[in-house]
There are 2 protein chains.
Amino acid sequence: MSDSAPTLEDVARVAGVSRATVSRVINGIRNVDTEIQKVVRRAIEETGYAPNRAARSLVTRRTGAVALVVSGAGEPAEHVFGDPFFGRVVAGVVAVLRRHGSHPLLMLADTADARADVLAHLRQGGADGALLVSTLAEDPLPGMCVRAGVPAVLFARPNPPVPISYVDVAHRAGAALAADHLRARGCERLGTISGPLDVPASRERLDGFRDALRGHGPVPNEPGNFTHASGETAMARLLAAHPDLDGVFAANDLMAQGALGVLHREGRRVPDDVALVGFDDSSPARSCRPALTTVRQPVEDMGAELARLLLAHIDEPARPSVSVVFDPTLVVRESA
Amino acid sequence: MSDSAPTLEDVARVAGVSRATVSRVINGIRNVDTEIQKVVRRAIEETGYAPNRAARSLVTRRTGAVALVVSGAGEPAEHVFGDPFFGRVVAGVVAVLRRHGSHPLLMLADTADARADVLAHLRQGGADGALLVSTLAEDPLPGMCVRAGVPAVLFARPNPPVPISYVDVAHRAGAALAADHLRARGCERLGTISGPLDVPASRERLDGFRDALRGHGPVPNEPGNFTHASGETAMARLLAAHPDLDGVFAANDLMAQGALGVLHREGRRVPDDVALVGFDDSSPARSCRPALTTVRQPVEDMGAELARLLLAHIDEPARPSVSVVFDPTLVVRESA
DNA sequence: ATGCTACGGGAGAGCGCTCTCCGACTGGCC
DNA sequence: GGCCAGTCGGAGAGCGCTCTCCCGTAGCAT
């Protein structure tokens, strides 16, 4: 045994067979005598052999890694990674990938340079494909991937529309769920705290809410940016402009939580004076007081589907792109 | 140009030089005539060349990837990934790695099989080293890495002690900060909600708290397991056994948040009747009502140091292992 | 003019693996 | 007994890159 790691050659010598046979045993095992298989396996054991991934990738053109790209504006990285929502996506992704022997390679695409790096990495075969999770209103990365012929799948519909597979939730239907619930519990004067209006998902949640309420008068909205703080300011503004509000729909739980704090400070009881519905069913929703009634996205399942789609596209590059839209459900807790 | 991706050879042909020269230009550029460099760069541009990472790794024995291993018991993956604490570690790690052109490869080591897979991956050169973040009381993985000669760095002190570098926070000092603060604001009857007592960090926080209070009578403790729910039950028990409690130290913010809910329900005002101090300074601490006074760990910095240490160990395998311990600080908010 | 160093650039040997041939051997059937 | 099909295993050609030699040329001192 030499000083460096054992190679196929070493194992073959110990087993008294050829390199090819050892390779056959390790991989698909097309047709190798069981007796020889045993001998080879013993030799592998004995030498402590571990196949070299780089050498294998060189010929198979597969790495067993997929890029998990977080595409966002220049916001601090901890924001994205610290977001439990993203964590749930990751959990779903990992659950599928690990069964397949793959792992996600975490990458940040927060600047044009970073995007170029990500694309270069992909083109260099650093990963077999990419999962793109974007917080950007308009993201050029999906288009770049398509043009470069890199298999990629998006979380959320691509904004500059490109022929690429994606998973999403039915935003309008989810918002309608919230609207119906608020109406059903007797709320008359509703308001909303939306996300940034240039983000399609925000837009759809707002439109879905308003559509469901068509014929019941205008619904005032204050846009936030999905953060706790923006929920607070939005709620304060909404309350200032419409003191008689009795129901609020926030486009995510974090903003709802912020709104909750403001309502409390202003002496409004929730849900008695003002009913509040969030979106996401993230962990804050559960730990809030009062616990948040919210529209649940099956985020883990969506993450899992994201991974499944990518693996399919990697396996079969010519596969037509599809969109998979999940239906949200209403989780009724205390706030509405 | 052939149908497949251009190779060094193609670029060399276009530039009218040898493969080696193109390689030189792309990498260290040891000594190549500037004129020729220009020609080569133009050829690279022209061919749209992207170096093949696998081929490069094969000879350099470097992948530019680092395993980020989440080592935990069989708990659901979403728990770990969804934990903002982990997200902050990742943010720190990524900040350093990206400057170095590396990326973290996310791996789960929640079972013995998974641990074996992780180790195999590392031994196969799937990553240049490993960052181990463990929630386990006793984790065999660090030892496995050391034995296999895989560069690895831990977040938190290794429990079966092994010669390996790690970063950690001064738990005892942090707990003492909490104790001193509670004493200073006049609390007399203190209690604690610790983490699992077989986890070294929990132990140290508890011991540190008690040590700082030595001579002021015994400090009752109810152990939890770092979850919201366990904080609730622990607080309820503590209150049942010691109704006259006027100060509580919880070993993390999540449990503190749970405790807060129970105190509220029991009609105790915080901080007037019972003062409460948490640990971590996680986002729940900020969004709680009342906002949590807590011991802040500089988690992002710790994550960054984690990555820096690993890169150093990869560069210089013989480098002696070290431990880097960060000092926590007290963040005073409303709860104490 | 000769030798020596210095440096730019090419040739070519691998890195460790997979996979396509192709040869050898076996057994069943005419 | 001969032939063909079928099965098993070996030889060897790459995959695309890096890096060590080595040669050629130029610059300088002898």
Side-chain angles (χ1 to χ4, degrees), chain A residues 1-41 43-44 47-64 101 120-126 128, chain B residues 1-41 43-44 47-64 101 120-126 128:
Chain A
M1 200 181 292
S2 79
D3 52 344
S4 63
T7 72
L8 257 199
E9 191 71 51
D10 298 325
V11 178
R13 200 176 320 116
V14 170
V17 297
S18 77
R19 232 172 37 242
T21 303
V22 180
S23 179
R24 285 191 193 100
V25 171
I26 291 173
N27 305 323
I29 315 178
R30 220 178 17 199
N31 39 11
V32 178
D33 188 280
T34 36
E35 210 41 54
I36 293 195
Q37 283 194 35
K38 270 185 212 156
V39 174
V40 170
R41 286 191 201 291
I44 291 175
T47 52
Y49 172 72
N52 181 310
R53 266 182 120 87
R56 183 178 290 189
S57 299
L58 185 56
V59 33
T60 60
R61 271 127 208 299
R62 284 290 163 78
T63 66
H121 199 276
L122 254 10
R123 296 211 320 132
Q124 295 171 5
D128 300 333
Chain B
M1 201 180 294
S2 78
D3 52 344
S4 64
T7 73
L8 256 199
E9 190 71 52
D10 298 325
V11 179
R13 199 176 320 117
V14 171
V17 298
S18 78
R19 233 172 37 242
T21 302
V22 181
S23 180
R24 285 193 193 97
V25 172
I26 291 173
N27 305 323
I29 316 178
R30 220 179 15 199
N31 38 12
V32 178
D33 188 281
T34 36
E35 209 39 55
I36 294 196
Q37 283 194 35
K38 267 186 212 153
V39 174
V40 170
R41 287 191 200 291
I44 290 175
T47 52
Y49 171 72
N52 181 310
R53 264 181 123 87
R56 183 178 289 187
S57 298
L58 184 56
V59 32
T60 60
R61 270 122 209 303
R62 285 290 164 77
T63 66
H121 199 276
L122 255 8
R123 296 212 319 133
Q124 294 171 5
D128 300 333

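In what follows, every chain begins at residue 1, and chains take the letters A, B, ... in the order their sequences are listed.
- You'll find that the side chain of A/P51 is closest to C/dC17, out of C/dC17, D/dC17, D/dC19.
- Across C/dC17, C/dC15, D/dG16, the shortest atom-to-atom separation from the side chain of B/R61 is found for C/dC15.
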Steps toward side chain to side chain contact (heavy atoms under 4.5 Å, CB included) verdict (B/R56, B/N27): CA-CA 11 Å; B/R56 183 178 289 187; B/N27 305 323; 3.6 Å; yes

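- One atom, CG of B/L58, and another, C1' of C/dC15, lie 4 Å apart when rounded to the nearest Å.
- Between D/dT18 and B/N27, a contact under 4.0 Å exists linking OP1 or OP2 to a side-chain N or O.
- Closest to the side chain of A/I36, from the set D/dG9, D/dG10, D/dG16, is D/dG9.
- Distance CD (B/Q37) to P (C/dG9): 9 Å, rounded to an integer number of Å.
- A close approach under 4.0 Å does not occur between any side-chain nitrogen or oxygen of A/S18 and OP1 or OP2 of D/dG9.
- Among C/dT18, D/dC19, D/dC17, the nucleotide with an atom closest to any side-chain atom of B/Y49 is D/dC17.
- Atom CZ of A/R123 is separated from atom P of D/dG16 by 14 Å (rounded to the nearest Å).
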Steps toward side chain to side chain contact (heavy atoms under 4.5 Å, CB included) verdict (B/N52, B/T7): CA-CA 8 Å; B/N52 181 310; B/T7 73; over 6 Å; no

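- Distance, A/L8 CG to C/dC17 P: 4 Å, rounded to whole Å.
- Neither OP1 nor OP2 of D/dG16 sits under 4.0 Å from any side-chain N or O of B/T7.
- Counting non-hydrogen atoms under 4.0 angstrom, B/R19 reaches a base of the nucleic acid.
- Atom-to-atom, CG of B/D33 to P of C/dG10 comes out at 11 Å; the value is rounded to the nearest Å.
- In the interface, the side chain of A/R24 is paired with the base of D/dG10 through a donor and an acceptor atom under 3.5 Å apart.
- Regarding B/E9, its CD atom lies at a distance of 10 Å from the C1' atom of D/dG16, rounded to whole Å.
- Among C/dG10, D/dC17, D/dA11, the nucleotide with an atom closest to any side-chain atom of A/A20 is D/dA11.
- Going from atom CZ of A/R53 over to atom C1' of C/dC17 covers 13 Å, rounded to whole Å.
- Side-chain atoms of B/S23 never come within 3.5 Å of backbone atoms of B/R19 as a donor-acceptor pair (strictly under, hydrogens ignored).
- Rounded to whole angstrom, the span from the CD atom of B/Q124 across to the C1' atom of C/dG16 amounts to 13 Å.
- For the atom pair CD (B/E9) and OG (B/S18), the distance works out to 9.0 Å, reported to the nearest 0.5 Å.
- Within the 4.5 Å cutoff, the side chain of A/I26 has heavy atoms near those of the A/L8 side chain.
- The side chain of B/T21 contributes no N or O atom lying less than 4.0 Å from OP1 or OP2 of C/dG9.
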